[in-house]
Amino acid sequence: MVWSPHRPWWERYQPVSYKLISRSGSEQEFADMVERCNKVGVRIFVDAVINHMTGDSGIGVGIADSTFNTYEQSYPAVPYSIHDFNSKEKCGTQSGNIENYNNVNEVRNCRLVSLLDLDQSKSWVKDRIRDYLNHLIRLGVAGFRVDASKHMWPDELKAIVESLNDLPETHFGAGQRAFVFTEVIDMGGEPITKYEYTGIGRVTEFLYGMKLGEVFRRWNNQKLEYLQFFGESWGMLPSGYAWTFVDNHDNQRKHGGGGDMVLTFWEPRVYKMANAFMLAWPYGYTKVMSSYYWYPREDTDVGPPADSYGNTNTVPINDDGSCGGNWACEHRWRQIRNMVAFRNLVHGTAVENWWGRGDQIAFSRGRKGFLAINNDYSQTMSGEFYTGLPEGFYCDCISGDMLGSGDNAYCTGQTLSVNSMGRTHINIRSDSENPMIAIHVDYKL
Ligand SMILES: O=C(/C=C/c1ccc(O)c(O)c1)N[C@@H](Cc1ccc(O)cc1)C(=O)NCCCOc1c(-c2ccc(O)c(O)c2)oc2cc(O)cc(O)c2c1=O
Ligand SMILES: [Ca+2]
């Protein structure tokens, strides 16, 4: 536990053991949650912090009486001892911390902001990490986000990943492998690049959220119509390797630098537009962020809603499906939830019928879906657009849900009619709360 600042969100990123006990609950509660999710087809991915242990500043008792002593570099609950950490000699800097991000050895072999740096070249360390991840696989976890991958040697990380057990046949079928995402913060300018990690699994593409934020904020003369070729040609990973997101737990708190460009739930209108585009656009493997409101907003350390002991609160679900208790639950917002269904439905289809004019765009996904966005600051987007969809009436999944089924299906939002030529009339005012429409063949009335 970190008490100063009080139970910050990043406490989770300073392991004292590989026990599955935290302020989020016990191992049994975790195992039970994974089981319940797998039963309904919801896969669980674990954020694996395997580059380091805690900061170098003390002796302490972590959760579940896992003692540790950073002066002795000992974590008996694993156990790790001084031999399992990169020495100052191997690191080579005066402080033992990373001092120069242009030195690839430092970035891997030195301490990231003073966090004790594990030596993954040691078989003892590899074995302990493998046992930790295999334990999670046994519990039914489908894969991992590998935190701070930039700070580990790709071949050592790859060796660990390849040594893992197959996923349990009961939940995943025979011979299935953990789905791995590596976190590599690379927005250009450093010798270590995201391309070094594509042999291990999907890799975070941080440019994606930065650029999408820049375009939707209309900064630096960016316009929505430039998104027609949004993808590898913008300096991003090939689509099949990219893990994309509008924002993440770290950069949604950032101010200054690229951080101001990132869109977050604090700006819901434009955030929903960027998510709608991301989910309709065929590039990358997309992640929808789910957050909590923190106060004061300037305090970038504040942890999740918790009781007086610091234990994370459960998430209350309101009657309308939204979350209470300061949980933002962006993934439950109608516009975002429905665009996830849109993405899954149109999977495998190409972008067709692109139309773009300044900050207004529209495009189809094969003959299955159609999205139009008006991000112009004043002009209404109106006219007849070719949707590629069969003739009929469609419920707009941005403004509403299609409820009921068969003949008594109805739309709680706007209904659009597509004529025999596949064309529909659009009228999106620029001052609309959600200036976009999205229709698809599963929302045909
Ligand atoms: O802001 C934070 C935490 C940020 C953070 C946490 C998890 C992540 O996955 C991440 O990407 C960032 N941490 C605060 C507080 C802090 C925590 C520990 C510490 O020893 C000192 C301070 C902070 O101000 N951190 C310094 C700037 C952010 O520097 C961190 C980075 C980081 C930032 C930019 C990079 O290009 C990069 O390669 C790594 O990764 C972490 C990974 C961790 O597993 C744990 C960390 O403490 C950190 C981490 O401090
Ligand atoms: Ca390291």
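Side chains are part of it too, since the values below use all heavy atoms of this structure and drop only hydrogens, waters and symmetry mates. Indexing begins at 1, ligand by ligand and atom by atom, following the structure's order.
- Heavy atoms from other residues, nucleotides or ligands lying under 6.0 Å from NE2 of His6 number more than 12.
- Taking a 6.0 Å sphere around CZ of Arg269, one finds it holds more than 12 heavy atoms contributed by other residues, nucleotides or ligands.
- The part of Leu115 lying near ligand 1 is the side chain, judged by heavy-atom distances below 4.0 Å.
- Those atoms of ligand 1 that come under 4.0 Å of a heavy atom in Gln14, given as number and element, are 17 (C), 18 (C).
- Surrounding CG of Asp307 are more than 12 heavy atoms belonging to other residues, nucleotides or ligands, all under 6.0 Å away.
- Considering backbone and side-chain N/O of Trp9, none are found under 3.5 Å from N/O of ligand 1.
- The single protein non-hydrogen atom nearest to atom 20 (O) of ligand 1 is Val113 O, 2.4 Å, given as residue, atom name and distance.
- Taking every heavy atom of both residues into account, Gly348 and Arg365 meet most closely at N-NH2, 4.2 Å.
- At a threshold of 4.0 Å, the pair Arg334-Glu433 does not count as salt-bridged, since none of the basic side-chain nitrogens sits closer than that to a carboxylate oxygen.
- Not a single protein heavy atom sits closer than 4.0 Å to atom 23 (C) of ligand 1.
- There is a protein heavy atom closer than 4.0 angstrom to atom 43 (C) of ligand 1.
- Only side-chain heavy atoms of Trp10 come within less than 4.0 Å of ligand 1; its backbone N, CA, C and O stay farther off.
- Within 4.0 Å of atom 26 (C) of ligand 1, at least one protein heavy atom is present.
- A salt bridge links Arg145 with Asp147: at least one charged nitrogen is closer than 4.0 Å to a carboxylate oxygen.
- Tyr241 OH: 12 or fewer foreign heavy atoms inside a 6.0 Å radius.
- Protein non-hydrogen atoms do reach within 4.0 Å of atom 9 (O) of ligand 1.
- With ligand atoms numbered from 1 in the order given, ligand 1 contributes 36 (O), 38 (O) to contacts under 4.0 Å with heavy atoms of Lys150.
- When non-hydrogen atoms are compared, ligand 1 lies under 4.0 Å from the side chain of Arg145 (C-beta onward) but not from its backbone.
- Close contacts of ligand 1 with His249, meaning ligand atoms under 4.0 Å from a residue heavy atom, involve 7 (C), 8 (C), 9 (O).
- In this structure, a donor-acceptor pair under 3.5 Å is present between the side chains of Asp247 and Tyr271.
- At least one N or O atom of His151 sits closer than 3.5 Å to an N or O atom of ligand 1.
- Between Lys223 and Asp359 no salt bridge is recorded (no basic side-chain N to carboxylate O distance below 4.0 Å).
- Under the 4.0 Å criterion applied to side-chain N and carboxylate O atoms, Glu205 and Lys194 are assigned as salt-bridge partners.
- Figure legend: cation-pi geometry between Arg253 and Trp294, with NZ or CZ positioned under 6.0 Å from the six-membered ring centre and within 45° of its axis.
- The option from Asp250, Val49, Asp147 that lies nearest to atom 7 (C) of ligand 1, judged by heavy atoms, is Asp147.
- The ligand atoms of ligand 1 that sit less than 4.0 angstrom from a heavy atom of Ser114 are 20 (O).
- Electrostatic pairing of Arg108 and Asp117 does not count as a salt bridge here, judged by no charged N lying under 4.0 Å from a carboxylate O.
- By the criterion of a heavy-atom distance under 4.0 Å, neither the backbone nor the side chain of Asn51 is placed next to ligand 1.
- Interface atoms of ligand 1 facing Ile185, defined by a heavy-atom separation under 4.0 Å, are 11 (O), 34 (C), 35 (C), 36 (O), 37 (C).
- Among the heteroatoms counted here (N, O or S) of His151, O is the one nearest to the Ca ion (ligand 2).
- Atom 41 (C) of ligand 1 has as its closest protein heavy atom Leu112 CD2, 3.6 Å.
- With hydrogens left out, the protein atom closest to atom 11 (O) of ligand 1 is Glu183 OE2, 2.4 Å, a heavy atom.
- For atom 45 (C) of ligand 1, the closest heavy atom belonging to the protein is Tyr13 CB, 3.5 Å.
- In summary, an N, O or S atom of Arg108 is located under 3.0 Å from the Ca ion (ligand 2).
- With salt bridges taken as basic N to acidic carboxylate O contacts below 4.0 Å, one links Asp131 and Arg128.
- In this structure, Arg217 pairs ionically with Glu267, as a charged nitrogen and a carboxylate oxygen lie closer than 4.0 Å.
- With the Ca ion (ligand 2) as the vertex, OD2 (Asp117) and OD1 (Asn51) define an angle of 130°, rounded to 10°.
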